[in-house]
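Encoded as structure tokens, the structure appears first; notes follow it.
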Amino acid sequence: MILADPALIEKALNTLIRWDTIVDQSSKPLRDQWMQILISQNWRLALEESDLGNQLRQASPMATLLPNSVRLAIIAEVKALKALR
């Protein structure tokens, strides 16, 4: 989506800035790393299979960029997968 619409990067950056004013400061280092990832568009850390990669994905502003229909479809799919367990 970001490749198709680079304006989404600005939206994600604005989300991080807003979160800085309302979210616990203990996760600020992750938000700062997301700022760097978005500005550089170097996704390596966010995609890394590591504790840091997991933490970054959990603190990701990317879900805020999804259209509501896509977000709801993902939630439904996850619920269905969990029901299979």
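In what follows, residues are counted from 1 in the order of the sequence shown.
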With D24 via side-chain hydrogen bond (donor to acceptor under 3.5 Å, both in side chains) - residues at least two apart: S26
Side chains of residues 44-52: which donor-acceptor partners sit under 3.5 Å, not counting sequence neighbours?
| residue | atom | partner | partner atom | Å |
| --- | --- | --- | --- | --- |
| R44 | NH1 | E48 | OE2 | 3.4 |
| E48 | OE1 | S50 | OG | 2.7 |
| S50 | OG | L52 | N | 3.4 |
| S50 | OG | G53 | N | 3.0 |

Taking only residues two or more places apart in sequence or in another chain, which ones pass salt bridge (Lys or Arg N to Asp or Glu O under 4.0 Å) with D32? K28
Any pair with a residue in residues 75-85 that passes salt bridge (charged side-chain N to carboxylate O under 4.0 Å, His left out), sequence neighbours left out, goes on the list, sorted by first then second residue, please. none
Under the rule for side chain to side chain contact (heavy atoms under 4.5 Å, CB included), what residues qualify as partners of [X], not counting sequence neighbours?
{"X": "T15", "answer": "R18, W19, P61, T64"}
{"X": "R57", "answer": "N54"}
{"X": "Q41", "answer": "I9, W43"}

List the atom pairs, with distances to 0.1 Å, where a side-chain N or O of residues 65-74 and a protein N or O form a donor-acceptor pair under 3.5 Å, not counting sequence neighbours.
| residue | atom | partner | partner atom | Å |
| --- | --- | --- | --- | --- |
| N68 | OD1 | R71 | NE | 3.3 |
| N68 | OD1 | R71 | NH2 | 2.6 |

I'd like to know if the side chain of D5 and the backbone of M1 have a donor-acceptor N/O pair within less than 3.5 Å. no
Please write out which residues are connected to L84 in a hydrophobic cluster, directly or through intermediates, given that two of Ile, Leu, Val, Met, Phe, Trp, Tyr count as joined at side-chain heavy-atom separations below 4.5 angstrom. L81
Straight-line distance of L8 CG to L13 CG, nearest 0.5 Å: 11.0 Å
Kindly determine whether I17 and M35 satisfy side chain to side chain contact (heavy atoms under 4.5 Å, CB included), including the steps that lead there. CA-CA 9 Å; I17 291 167; M35 288 272 199; 3.5 Å; yes
Cluster check I75, M62: I/L/V/M/F/W/Y, side chain < 4.5 angstrom: no
I need the minimum non-hydrogen distance between L56 and W34, along with the two atoms involved. O-NE1, 2.7 Å
Between V23 and S27, which heavy-atom pair has the shortest distance, and what is it? CG1-OG, 3.7 Å
Apply side chain to side chain contact (heavy atoms under 4.5 Å, CB included) to residues L30 and Q58 and explain how you reach the verdict. CA-CA 9 Å; L30 293 171; Q58 290 171 353; over 6 Å; no
